[in-house]
Structure formats: structure tokens, C-alpha cells
Amino acid sequence: MITGFHDSEVFSNSVIAQRHVARATERKIDAIEFEMSRDIVKTRPPAFTKTDFPKKNEGKKPSLSENTQPLTSPVPVAYFQTTLPMPMPSDYLLGHNTEIPGSALAYSESVPVLEEAAILFASGQNTVAEQMLDAAVHHQHLGMATEIGWQMLFDLYRITNNQHKFESLSLDYANKFETSPPLWPENMPQPEAETHPKDASRPSILFPVKLDATIVKVLEKINTASAKSPSLRLDFSKIKEVDPVGCGLLLRTLKNLKKTEHDLMLVGAQSLTDKIRAILQVGRRDETEAPWLLLLEILQLLHFEKAFEETSIDYCITFEVSPPSFEAPKNNVTDAFPELLHEDEEAPSDRFFMPATVEGSVDALVKKIAEQAALHQPLIIDCSKLDRVEFSASAELLNGLAPIFGKPSVTIRFEEVNYLVMMLFNAMGLKNIASISLRKH
């Protein structure tokens, strides 16, 4: 009887200790969220609605400083301070496949409106970029860069699949230049009555390698972006490790986004569930339930009802509680795998093919380019499928390609580049390490 009492006392003490640890973890999560909310109150920019933009830009040229909130932080400034013009003729930088003379490109670099429009498009500000380009080609004197301005606007309409505006611009082009305008690609999908470019305008938030207390800054970006956009892209593809505090913070953020009914694209979410499962064990009570609840929340968001029910049973066994019921989210949630590089099997192997969109971390992309450079010279980077490079990703791409360019006898050639990406590359300094050949339309 004494031994039984002693065992019972030990068990009670262990349960009490577990509860103390769990409360301590929850208090840590609460403290982090409190600090975040206090900082957000101090620094939160005014929220904008969709109706604010037309009023703000009515009757005047959109200004880069007024409309580009995303441009304030993501680019390493030091690299631009050390970027100097390369002493090469512009026709070499352009390559020999473009119909626009190199002098036109050189002149375009002195027209800030074209670079601003390219940066706006790269930052997901499609509407403002369109307004700026439309005003530039119709009402401003672009000199020798006039043709480039028109082609940038044609590219924007192609990428956003807006055939109606493309054809309207074609009429204006034919009247102005008295020559045949570019044609709408035959393989483009026919637009619906109204086109809504989603991915290009959807704010994208990339999570770091560790999902722990250090994700506070990422969550602050989510709070800021959610105040401006009804749709978010959350990229978990880089996450390699998770801990209970990070799980608790992300859980609360996802629940808040579900309450506000934000549309979500979750990149690498299935891989994240595997990382969470790796730290769980059925029957073992850890310091907090947060990892279990985050796992259940993600499975619910992804509409994985069977996996949710199996996990909820394991959760019920572990914590001796009633299993939560599956509730399909009211907001629109899509799952996406991290974009892989797709190469045309019939294309020659000496070309490296860029994906349709380059955004977020470019570490994997640069690694593959470096592997290609080790096997083939010159390094030909085929951009025939590339529509858009995110502004911050373009800076990382420059930093990643610079060491490759610095190796002996290495030359880099970007081929089949669209006009928006070309102008972004010029603004970022990529033209200093690679030749750029424009795409024919």
C-alpha cells in the first residue's frame, strides 16, 4: 500500500511538472505575440483598400515612393552601391537577336519611368506598373526608348493574360508607328470576361529554415501584408526544423487568417506536416499541445480530412481529450509544391531553362545554374518561359551569379528575355555580369 501511494505521488508530481512546463511555453508564446502587437501598433502603415488606388493616382503619374511599400526593405543596399557600369557597348549587352539597337537600350537606362515600372511589376504592383507604362507611351517623350516602353506594356498584358487591352494597344501602336503591331500568342489561354492576375499580385512570405521564436519578423510581414491584400502566399519550403514555440506562433497566425477569411496559397505545406510529425510521439505529452494543434490546423486547411481524423485520434490518445471535429475552411486555400525547374526534354542540353516565375529564395536555382556553368561554356540561361522575377529575388540572383561570373573564362548569356525582365535586370545591375538578348515577338 505504501509503495502504491508512493508511485501515485510520483505520477502526480510528474503531471504537475508537465503542466508547469506547458504553461511556461504558452506564456513565452503570449509574450512574443504581445511584443509583436505592440511593435505593430507603433509602426503599422495605413491599410489600403482596393478603392484607394484609383483615387490616389487620378490625374497624375504614379510615383514610386507613393505606391511601392514592398520596395522599402528586401534588397541589400550595399550591392547597388558597388555596382558600376560595365565598359561594353550596349549592342553587345543586348546580344545579336534583338531588333532594337543597342543605343535605344542605353537611352532607356536614362528614363527612370521605365525602370520604375519594371520594379513595380517585379514587386507585384501590376496595376500601378500598367498605369505608369500607359501614361509613358501615350503622353511622355521617351525618345529612343519609346519602342521599349511599348513592348514592356505589351509584355505586361501578355503575362496578365489581358487580350482585350493587348489588342486595344495594338491599334494605338499601328496608328502611331504605321507598322504591324505584335500579335497575341496563339498558344495563350483565352481570357475570361474579366481577368484577375492572382499570383503576380499576391504578397509572398517566405519562412526561414527554423520555425521557432525567430519567426517574429516573418509574422509581422504577414500582419502588414494581410492588412493590404485579401490573398497571401505562405512559403514553408525552406523550413527544416520546428520547435513548439514556433508552432504556437504560426498556429495563432493561421487561425487569425482563417477568421479574416484571407485566401491562402500554402507552398510546401505537406513537407511542413512531415517536419511536425517528426517531433511528435503518440502517448508522449510534451510541454505544449501547439505542434499537434498546428498539424491538425494545416491538415484542415488542406482539406485532408482522412489524415486529419487519424491525427486527431492520436492527439486524443496522447492528451486524453475528445478529438476535434473536421471543419472545412471558409476561405479559399490552395496547396502548391515548391516550383521546380522544368527543362524541355527535346531542347539542347547546353541551355539552362528558367522557370516561369523566380521568387523567394533563389539558393536552389543558383546552385543548379552553377552546376550548369561547370559543364557548359558559355553559360546560356534560356528565359523563353520566364515571365517575372520578384524584386528581392533579382538582388539575390545578382549576388548568386557574381561568383560564377568571377571564375576564369566564364561568360553568362541571358537569352529570350522579355522587356519587363530586361529592364529590371538593367536596374539591378545584372547587365554588368551577363549579356542580355531580348525575346522576339
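Below, each value reflects all heavy atoms present in this structure, side chains not excepted, and no hydrogens, waters or symmetry copies.
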- Item | Worked check of side chain to side chain contact (heavy atoms under 4.5 Å, CB included) between Trp292 and Thr311 | CA-CA 8 Å; Trp292 284 93; Thr311 304; 4.3 Å; yes
- Message: Please check this pair: side chain of Arg439 against backbone of Cys383, looking for a donor-acceptor N/O pair closer than 3.5 Å.
- Response: yes
- Query: Got a sec: does the NZ of Lys275 have more than 12 other heavy atoms crowding it under 6.0 Å?
  - Reply: yes
- Between CD1 on residue Ile381 and CG on residue Leu397, distance to nearest 0.5 Å: 7.0 Å
- Note on the structure: Between Met354 and Lys385 the two heavy atoms that sit nearest each other are O-CB, 4.0 Å
- Using a 4.5 Å cut-off on heavy atoms from C-beta on, say whether the side chain of Leu114 contacts that of Met152. yes
- Query: Leu250 and Leu272: side chain to side chain contact (heavy atoms under 4.5 Å, CB included), yes or no, with the steps?
  - Reply: CA-CA 12 Å; Leu250 178 57; Leu272 177 58; 4.1 Å; yes
- Task: Please step through salt bridge (Lys or Arg N to Asp or Glu O under 4.0 Å) for the pair Glu130 and Lys165, ending with a clear verdict.
- Result: CA-CA 11 Å; Glu130 177 192 343; Lys165 287 190 176 181; 2.7 Å; yes
- Is there a side chain to side chain contact (heavy atoms under 4.5 Å, CB included) between Leu153 and Val137 once you walk through the steps? CA-CA 9 Å; Leu153 190 53; Val137 300; 4.1 Å; yes
- Item | 4.5 Å side-chain heavy-atom contact, Leu420 and Leu156 | yes
- Heavy-atom distance under 4.5 Å between the side chains of Arg277 and Leu295, does that happen here? yes
- Is the Trp184 ring parallel, tilted or perpendicular to the Phe166 ring (thresholds 30°, 60°)? perpendicular
- Would you say the side-chain atoms of Arg413 and Ser435 include a donor-acceptor pair closer than 3.5 Å? no
- Of the non-hydrogen atoms in Pro291 and Pro244, which two are nearest, and what is the gap between them? CG-CA, 4.0 Å
- Decide yes or no for Leu375 and Phe352: does some side-chain heavy atom of the first lie under 4.5 Å from some side-chain heavy atom of the second? no
- Lys/Arg-Asp/Glu bridge criterion (N-O < 4.0 Å) met for Arg233, Glu359: yes
- Taking C-beta and beyond as the side chain, do Met422 and Asn418 meet within less than 4.5 Å on heavy atoms? no
- Rounded to the nearest 0.5 Å, what's the gap from CG on Leu430 to CG on Leu398? Could you check? 5.0 Å
- Do Tyr315 and Glu289 have side-chain N/O donor and acceptor atoms under 3.5 Å apart? yes
- Specify the closest pair of heavy atoms between Glu327 and Gln300, including all atoms of both residues, with the distance to one decimal. N-OE1, 2.6 Å
- Evaluation steps, side chain to side chain contact (heavy atoms under 4.5 Å, CB included), between Gln270 and Leu302: CA-CA 9 Å; Gln270 294 187 48; Leu302 298 179; 4.2 Å; yes
- Under 4.0 Å between a Lys/Arg side-chain N and an Asp/Glu carboxylate O for Lys258 and Glu297? yes
- Query: Does a side-chain heavy-atom distance below 4.5 Å link Thr253 with Leu234?
  - Reply: no
- Item | Leu211 vs Val245 side-chain heavy atoms within contact, under 4.5 Å | no
- Item | Backbone N/O of Arg351 and side chain of Asp382: donor-acceptor pair under 3.5 Å | no
- Between Glu320 and Arg285, is the closest basic N to carboxylate O distance under 4.0 Å? yes
- Message: Within this structure, what is the CD1-CE distance for the pair Ile119 and Met132, rounded to the nearest 0.5 Å?
- Response: 10.0 Å
- So, Thr214 versus Asp212: side-chain donor-acceptor pair below 3.5 Å or not? yes
- Item | Pairwise distance OG1(Thr224) to CD(Glu220) - rounded to 0.5 angstrom | 7.5 Å
- Task: Please check if the side chain of His262 supplies one atom and the backbone of Ser226 the other of a donor-acceptor pair under 3.5 Å.
- Result: yes
